[in-house]
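Here is the structure we will look at, set down as structure tokens.
Below, chain A is the first sequence line, B the second, and so on; all start at residue 1.
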Amino acid sequence: MSARIPIDTPAHPPTYQDRVVTAFTAAAVFWAIVGMAAGVYVAAELVWPNLSFEQPWLSFGRLRTVHTNVVLFGFGVSALIGTSFYSVQRTSHTPLFAPRLSWFVFIAWQLTIVLGGWSLLAGWNGGKEYAELEWPFDIAITVVWLCYAVVFFGTIAKRKIAPIYISNWFYGALIIVIAMLHIVNNLAMPATLGKAYSLYPGAQDAIVQWWYGHNAVGFLLTGGFLGMLYYFLPKQAEQPIWSYRLSIVAFWAFVYSYIWAGPHHLHYNAIPEWVQSLAVVMSLILLAPSWATMINGVMTVANAWQKLRTDPALKFIVLALAFYGLATFEGPMMAIRSVNVMSHFTEWTIGHVHSGALGWNALITFGTFYYLVPRLAGRPLASVRLANAHFWLALAGTMLYILSMWAAGVSQSLLWLTLDEHGEVKYSFVEVMRAIAPYYLLRLLGGVLFLTGAVLMAYNLLKTFEGVRTVAARVPAVDAAPQVA
Amino acid sequence: MLRLHQALERNTGLLIFGILVVSSIGGLVQVLPSIVDDSLSTPSANVVPHTPLELVGRDVYIRESCSTCHSQQVRPLLAEVKRYGQYAGSGEFAYERPFLWGSKRTGPDLLRVGGKYTDAWHRVHMTDPRAVVPASIMPAYPWLAELPADDGTVVARLNALRKLGHPYSDADIEGAPATLSGKTELDGVIAYLQSLGKFAPQESAPDAHGGH
């Protein structure tokens, strides 16, 4: 029989493009430390306000903006792009499409974070939360993001396996929806190089902004990191996803329902009531796909619990899953208007955000890096003990952070809303500030613990990589690929 | 259903298209009608655009990210109206780009702060907050008093806003640099803060939004 020559078995099978993954991983670790250090500093300023030393760039408003932008776009997005480049190659059994473009994405993105961070310190600020970068940066971000989309979807398009694996849907939704949100929300009329005015006035600007703001959380901090979960959790647990069908249902329900929930950030604000009510209903519905994914993840580890005793990477990922469940339950509860009356404008919101950002996003990224870096370096992790120490520091830091902010937030709202026997407000604003001051100190301590853990990780990963040049991971032959019916 | 999904998960273009369609529905039903709803962008009867000095102050307020800690949104709750004043209506924000409602009150709400303190109080408070409020945790902003209000871009800024529909006349724009001469950024911020609240809806005026 004249043998059909397999197309993909040349003498030297192609290798995966992993150096760009390494670069993104290193950048993510670097930005994690810079961004978290900025967070710790602004937390300290709320305890000792003179720490701004009357310097514009050290003042709370500017530095807090740098904190949020660096952790979101420096740490978070670098981690997402890096891990998506790693997993899309392996789930598609093919090297990256347009590898040079992937390096352009790396360099241009890091340059945007460096220059963008500097512009925020210098006071260039569009004024919309989590979209503060001014219009030249908005254009740069759009261009880099489109290049990212080309590399990612190009790789999927030339895959050697028929089905597109579930992690790639989540990364794909991240790329598509963030592009849509970013472009629509940042439409503005430039006045100078560093100043533009939003296309939308007042109340409409508020609705567009929180459609963006909430879904940046939804598709970047939730969806993107679920992509990470769906690849790295089964890998580290060495178990297949518990229910592929559940993941399909949860994915589409998630993509459909998240988008509606934004106006719950504007309860009792000057926007139409029907918009608020719709957001409440959809926020509650959102609990179903969120928890479906959590259950899917927990059941995937169900046959590998014994690994949790010894495997720091899996410990981080499973703890992240628990915080994911907590934050995605708390969110819909806070979207109910009668709860929101209490939580809005208070530290509770800050606690909620950090139960997601520290407990879910940072922990799953740390776990993923403890899995990834030894593989990129081709040798075991330098110190498992140090990784375990990091685990407990991260858990203690997160708990201290969110518990103190819950206590502070509930105190604030109860005291703010209390009326005396004459029907007047009972506590002045300053009295309420005094009541929550101790919690600011506890939160600072939580942040310091969390940052210390991240520094240990950076050292550990650096040690793991010390002296390593490159490790080439071969693309497996096509016929070894499992065909999902 | 299963067959449809097999098509989706085997075709890159179809998957992209599917995500785009499914994720757009919420925005099309909820956000788009709000953007084209004129009642949300129509100024209330007494609302006028900011003067050049107030605009300079507002842009400094944005530059220093004041809205990180100060909201400008009084909700229709008894305790909140008692503390801050008349609750917000959408019509008073028709010339607010971007909106500055905020999401957090590390410091108090400022929507109705205009006229509550003297200019002199604000001057001391911005330069050294703890001189007037010992428990304050606000940063000091001494550099505002040293920077001129006019950095040479006020005409460009007013023109950009006019293109967006803010009714500034030619005379308003041409005369803007003159009205800023001798003023500092601190003067601008104080003028802006003192202007906050003057557009409060009248108690008797019918207000379609935010009312209960």
Side-chain angles (χ1 to χ4, degrees), chain A residues 46 49 52 54 56 59-62 64-65 123 125 127-129 153 156-157 162-164 169 172-173 176-177 189-192 195 197-198 200-208 211 248 252 255-256 259-260 265 268-272 275 278 341 345 349 416-417 419 424-425 429-430 433-434, chain B residues 5 9-10 12 15-16 19-20 22-23 25-27 30-31 34-35 40-41 59 62-69 71 73 75-79 82-83 88-90 93-101 103-105 108 133 135 137-140 142-143 153 156-157 160-161 163-164 209-210:
Chain A
L46 292 183
S52 70
E54 306 195 351
S59 64
F60 184 90
R62 294 197 196 182
R64 184 265 185 183
T65 312
N125 189 329
K128 290 168 86 164
E129 229 176 338
F153 288 115
I156 293 183
I164 302 169
W169 310 358
I176 294 165
V177 181
M189 177 70 71
T192 65
K195 182 77 201 164
Y197 294 103
S198 176
Y200 319 98
Q204 295 174 339
D205 199 35
I207 294 172
V208 174
W211 170 77
I248 292 171
W252 290 110
V255 172
Y256 174 77
I259 279 284
W260 300 74
H265 292 257
Y268 291 109
N269 285 14
I271 63 163
V275 177
L278 205 51
V341 161
F345 293 132
T349 309
W416 282 344
L417 296 173
L419 297 176
E424 298 299 325
V425 288
F429 197 89
V430 167
M433 281 176 60
R434 285 210 184 91
Chain B
H5 207 270
E9 67 181 19
R10 279 158 201 269
T12 319
L15 184 64
I16 294 174
I19 292 171
L20 205 53
V22 173
S23 67
I25 298 169
Q30 193 184 32
V31 178
S34 308
I35 296 178
L40 288 178
S41 55
D59 286 347
I62 295 169
R63 184 185 75 198
E64 305 299 345
S65 244
C66 301
S67 52
T68 298
C69 295
S71 59
Q73 186 68 206
R75 297 176 293 175
L77 308 170
L78 186 56
K82 290 276 185 192
R83 188 184 296 276
S90 58
F93 302 102
Y95 299 124
E96 297 283 309
R97 292 172 201 265
F99 79 112
L100 294 174
W101 297 358
S103 61
K104 176 76 199 321
R105 285 177 186 153
V133 184
I137 55 171
M138 191 172 99
W143 60 91
T153 65
R157 289 192 252 169
L161 286 170
K163 281 186 208 148
L164 291 166
H209 300 292

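Residues forming a ring-ring contact (aromatic ring centres under 6.0 Å, His included) with A/Trp260 (at least two apart in sequence, or on another chain): A/Tyr256. Under the side chain to side chain contact (heavy atoms under 4.5 Å, CB included) criterion, B/Ile35 pairs with A/Tyr200, A/Val208, B/Val31, not counting sequence neighbours.
Contact of the B/Phe99 side chain with the A/Ile207 side chain is not registered, since no non-hydrogen atoms from C-beta on lie closer than 4.5 Å.
In this structure, the portions of B/Ile16 lying under 4.5 Å from any heavy atom of chain A include both its backbone and its side chain. Using a 4.5 Å cut-off between heavy atoms, B/Pro142 touches chain A through its side chain atoms alone. Heavy atoms closer than 4.5 Å to chain A are found nowhere in B/Cys66, neither backbone nor side chain. Both the backbone and the side chain of B/Ala135 come within less than 4.5 Å of a heavy atom in chain A.
Both the sub-6.0 Å distance and the 45° axial angle are satisfied by B/Arg105 relative to the ring of A/Phe345.
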Q | Step-by-step side chain to side chain contact (heavy atoms under 4.5 Å, CB included) determination, A/Trp211 to B/Gln30 | A | CA-CA 9 Å; A/Trp211 170 77; B/Gln30 193 184 32; 5.6 Å; no
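Remark: the A/Thr192 side chain and the B/Thr153 side chain contain no N/O donor-acceptor pair separated by less than 3.5 Å.
Put simply, the side chain of B/Gln73 gets close to the backbone of A/Ala270: a donor and an acceptor are under 3.5 Å apart. Of the possible polar contacts, one joining the B/Arg83 side chain to the A/Trp416 backbone as a donor-acceptor pair under 3.5 Å is found.
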